[in-house]
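What follows is one structure encoded as structure tokens, with my remarks underneath.
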2 protein chains.
Amino acid sequence: MSGKELDPRKELILKVVTDDYIESAEPVGSRTIARKYNLGLSPATIRNEMADLEEIGYLKQPHVSAGRIPSQQGYRYYVDSLMKQQKLAEEELRIIKSYIESKSKELDALLQQTVKMLAQITRYPSLMLGPKLQPSVFKHVQLVPLNSYNILVLVVTNLGVIENKLITIDVPVEQGDLDRISNLLNKKLRGKTFGNLKSSVLAELKEEMAAHDDFFHKAICLLLNTLETRDKERIYLDGVINILEHPEFKEIEKFKPLMGMMEEEERLYKMLTDSSCRHGLRISIGEENQEEAAQECSIITATYNMKGRAVGTIGVLGPTRMDYSHVVAVVDFIAQYLSEILSEKKM
Amino acid sequence: MSGKELDPRKELILKVVTDDYIESAEPVGSRTIARKYNLGLSPATIRNEMADLEEIGYLKQPHVSAGRIPSQQGYRYYVDSLMKQQKLAEEELRIIKSYIESKSKELDALLQQTVKMLAQITRYPSLMLGPKLQPSVFKHVQLVPLNSYNILVLVVTNLGVIENKLITIDVPVEQGDLDRISNLLNKKLRGKTFGNLKSSVLAELKEEMAAHDDFFHKAICLLLNTLETRDKERIYLDGVINILEHPEFKEIEKFKPLMGMMEEEERLYKMLTDSSCRHGLRISIGEENQEEAAQECSIITATYNMKGRAVGTIGVLGPTRMDYSHVVAVVDFIAQYLSEILSEKKM
DNA sequence: GTTAGCACTCCCTGATGGCGAGTGCTAATT
DNA sequence: AATTAGCACTCGCCATCAGGGAGTGCTAAC
């Protein structure tokens, strides 16, 4: 009942119903279809086809005397087989490009702007995860004393990302000692890739370490620690207000669960990293979503790359009756363009 | 008509009406008051008083055959003169303290947790600004080459805060040179306060600079730059969903403007730093707010300190019919307690 | 296989009327 | 003079009801 191919006329009807419902948000009836789209079919014929489509699960009726709307399965078929690939308008391309380019200085601002722009163009809430940067070359380590008992450990990688941790010590250490240790570490580590670093070099360091004092020990441990605990990637969210424009959320009670979800990074994170198809474009419709609050919504995500490696995800959330073809086009393009821009960054 | 003192009985009635309306969200009538609170007055007398209070602008009627609700002026009088100072329950004190203490490691996490907790306790959206840290002592500067053309400039202050900027150069510089320059800078600057630094020391450095190459010049400029451009303080926001529990936002259209506001940091920032009474506790009622979207809301804010200097603001947003006395108590206490904790931090 | 016709379903809207909570006013009471 | 009881009146709220409209399923004709 699910994997079946539909005959062309059923496909046509399903497509028309879905398109119309996406646009109007009203259940669509046979008469409307016959009048609005010239299919050369009478309302009665269309009714029969719609009854069939309902029986096999692609359409449903809100109530018996209403028109039809797509079921979740209907949307799935629409998305997989019927939806026509949309080309973005010149205007949109221009906006997207200028937005992303103009802000290409600060990474964080770039991403924030990108999500805002995505929300503006699609008119749906938009989110973004990442990027998860994997530093590969060690550049610098520095121990900076803030006061007698607190020392800041800075680690700089080739990405220009700084990891920092504060450590507290019991016995005061002198500036000179710290500089000496910093220098020693740098001499050993500078230019090493992290692959090497973890295995060989640090082992070597640990041996030497034994010869030194307790503080040195602590510093090394911390260094290791710092390198291992990678922060969770930040989540960017914008355009939440857009979802209120859609009649499915006219009732505040329908909106509450979504609002609750959007205030919890953890849940957004899960949604964006959801199992199925981690790679490239993904469309989750209704109950296909793990996240309960989003089961009357659909989510379209795409991963973006840096130098060929997927580093983050960008996505759009809307009612199941969302404008799939447009959003897919936008999300896809932005992900690609963002990948280009990021890969160009000298890192 | 506004600065007037009310006679005791009018005050009593205004207080009772306000208390009741805050609790019930329903216009309160004379009979209700007579029955619920034993004032020793008949409904008719109360009616007369309420009519008076309406005439001089402290109460209003949603429609002619409904009970009364406080006007903005009524709330103002209530807040200034009638509201009784509330003591927090042991339970609440305990929760607040444990929340703030348990997270006292990472500053950012501490603040985030604090706002979340504030939203949970008050059941209103809560926000926080800051803190605006003013570093005073220079600790360390480091030039780290990321690749041939990009150099990362790190500046560490006594607060353990790291400013970093990327600079791009035309001519490759060698590691050794960078180290030499870093060392030189550190020797000159370490331990200096920023007050000194800007005036005397840097002037001196600039002279020496002339003797050195172009890159050195660039580095100094950047250093100065870095020290001058302070980031805008971050805004924390949590518990937006809470506002949906209140009947004044049952209609989505009432909520939209607020949602729009809460997605724009700039507007939140303005609200939190609003002119009137920058110091200590502030209550803005309804149209007293500059921000248009919040003119059917009230905002209660308090500043918090670090070592005696106000560094940030914490606040709660609710309908004008909000539980002023409870929120005031909570906000006030949290601001004070947070100040304590922050001031203890070794910085 | 398609379509016209028809009876039927069910939502939506607007009108109607009673109920209840509340008011203002007046006259009686303290 | 202040307070209160009584009463007529207002108005939002709610349930009820009827009519209209959009849509369906079924049957019979094309």
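Numbered from 1 within each chain, the chains take letters A, B, ... in sequence-line order. Quick caveat: nothing in here was measured; it's all calculated off a predicted structure.
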Round to a whole Å and report the spacing from [atom1] of [X] to [atom2] of [N].
| X | N | atom1 | atom2 | value |
| --- | --- | --- | --- | --- |
| Glu49(A) | dT2(C) | CD | C1' | 11 Å |
| Gln61(A) | dC11(C) | CD | P | 11 Å |
| Asn48(A) | dG23(D) | CG | P | 16 Å |
| Arg68(A) | dT9(C) | CZ | C1' | 13 Å |
| Leu41(A) | dA4(C) | CG | C1' | 15 Å |
| Leu53(B) | dG24(C) | CG | P | 12 Å |
| Ile69(B) | dT23(C) | CD1 | P | 13 Å |
| Asp52(A) | dT2(C) | CG | P | 11 Å |

Is [X] close enough to [N] that one of its side-chain N or O atoms is under 4.0 Å from OP1 or OP2 there?
| X | N | result |
| --- | --- | --- |
| Arg47(B) | dA21(C) | no |
| Thr32(B) | dG22(C) | yes |
| Thr45(B) | dT3(D) | no |

- Mapping Pro43(B) and Arg35(A) onto DNA chain D by nearest heavy atom, which one lands closer to the 5' end?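 So the residue in question is Pro43(B).
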
- Apply salt bridge (charged side-chain N to carboxylate O under 4.0 Å, His left out) to the pair Lys60(A) and Glu54(A), showing each step before the final yes or no. CA-CA 6 Å; Lys60(A) 62 184 181 184; Glu54(A) 178 164 7; over 6 Å; no

- Message: Based on the rotation axes of five pairs at each end, what angle does the helix from dG1(C)-dC30(D) to dT30(C)-dA1(D) bend through, to 10°?
- Response: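 Between the first-five-pair axis and the last-five-pair axis there is 20°.
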
- Task: For ring pair (Phe, Tyr, Trp, His ring centres under 6.0 Å), just list the numbers for Tyr75(A) and Tyr58(A), CA-CA rounded to whole Å, side-chain angles, deciding distance to a tenth of an Å, and then say yes or no.
- Result: CA-CA 8 Å; Tyr75(A) 282 121; Tyr58(A) 291 89; over 10 Å; no

- Message: Looking at the base of dG23(D), is there any donor atom on it, or on the side chain of Arg31(A), that sits under 3.5 Å from an acceptor on the other one?
- Response: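 Result: no qualifying N/O pair found.
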
- Query: dT10(D) base to Ser65(B) side chain: any donor-acceptor pair below 3.5 Å?
  - Reply: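 Yes, the side chain and the base share a sub-3.5 Å donor-acceptor pair.
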
- Message: Among dT10(D), dT24(D), dC10(C), which nucleotide has an atom closest to any side-chain atom of Val64(B)?
- Response: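 Side chain of Val64(B) sits closest to dT10(D).
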
- Of all the choices, dT4(D), dC10(C), dT3(C), which nucleotide is nearest to the side chain of Ser42(B) once you look at every atom?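 Nearest listed nucleotide: dT4(D).
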
- Ser81(B): what forms a side-chain contact (heavy atoms from CB on, under 4.5 Å) with it, not counting sequence neighbours?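 side-chain contact (heavy atoms from CB on, under 4.5 Å) list for Ser81(B), sorted by chain: Tyr77(B).
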
- Message: Checking Tyr78(A) against Asp19(A): is there a side-chain donor and acceptor pair closer than 3.5 Å?
- Response: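 Short answer, yes.
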
- Step by step, would you call Glu251(A) with Lys254(A) a salt bridge (charged side-chain N to carboxylate O under 4.0 Å, His left out)? CA-CA 6 Å; Glu251(A) 314 238 341; Lys254(A) 288 283 182 184; over 6 Å; no

- Quick one: pull up CG in Leu41(B) and OG in Ser30(B) and give me the separation to the nearest 0.5 Å.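 Answer for the CG-OG pair, Leu41(B) versus Ser30(B), is 11.0 Å.
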
- Message: Heavy atoms only, 4.0 Å cut-off, all strands: where does Ala66(B) land among base, sugar-phosphate and nothing?
- Response: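 Contact class for Ala66(B): sugar-phosphate only.
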
- For residues Met83(B) and Val79(B), report the shortest heavy-atom separation together with the two atoms involved.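 Met83(B) and Val79(B) have their closest heavy atoms at CE-O, 3.9 Å.
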
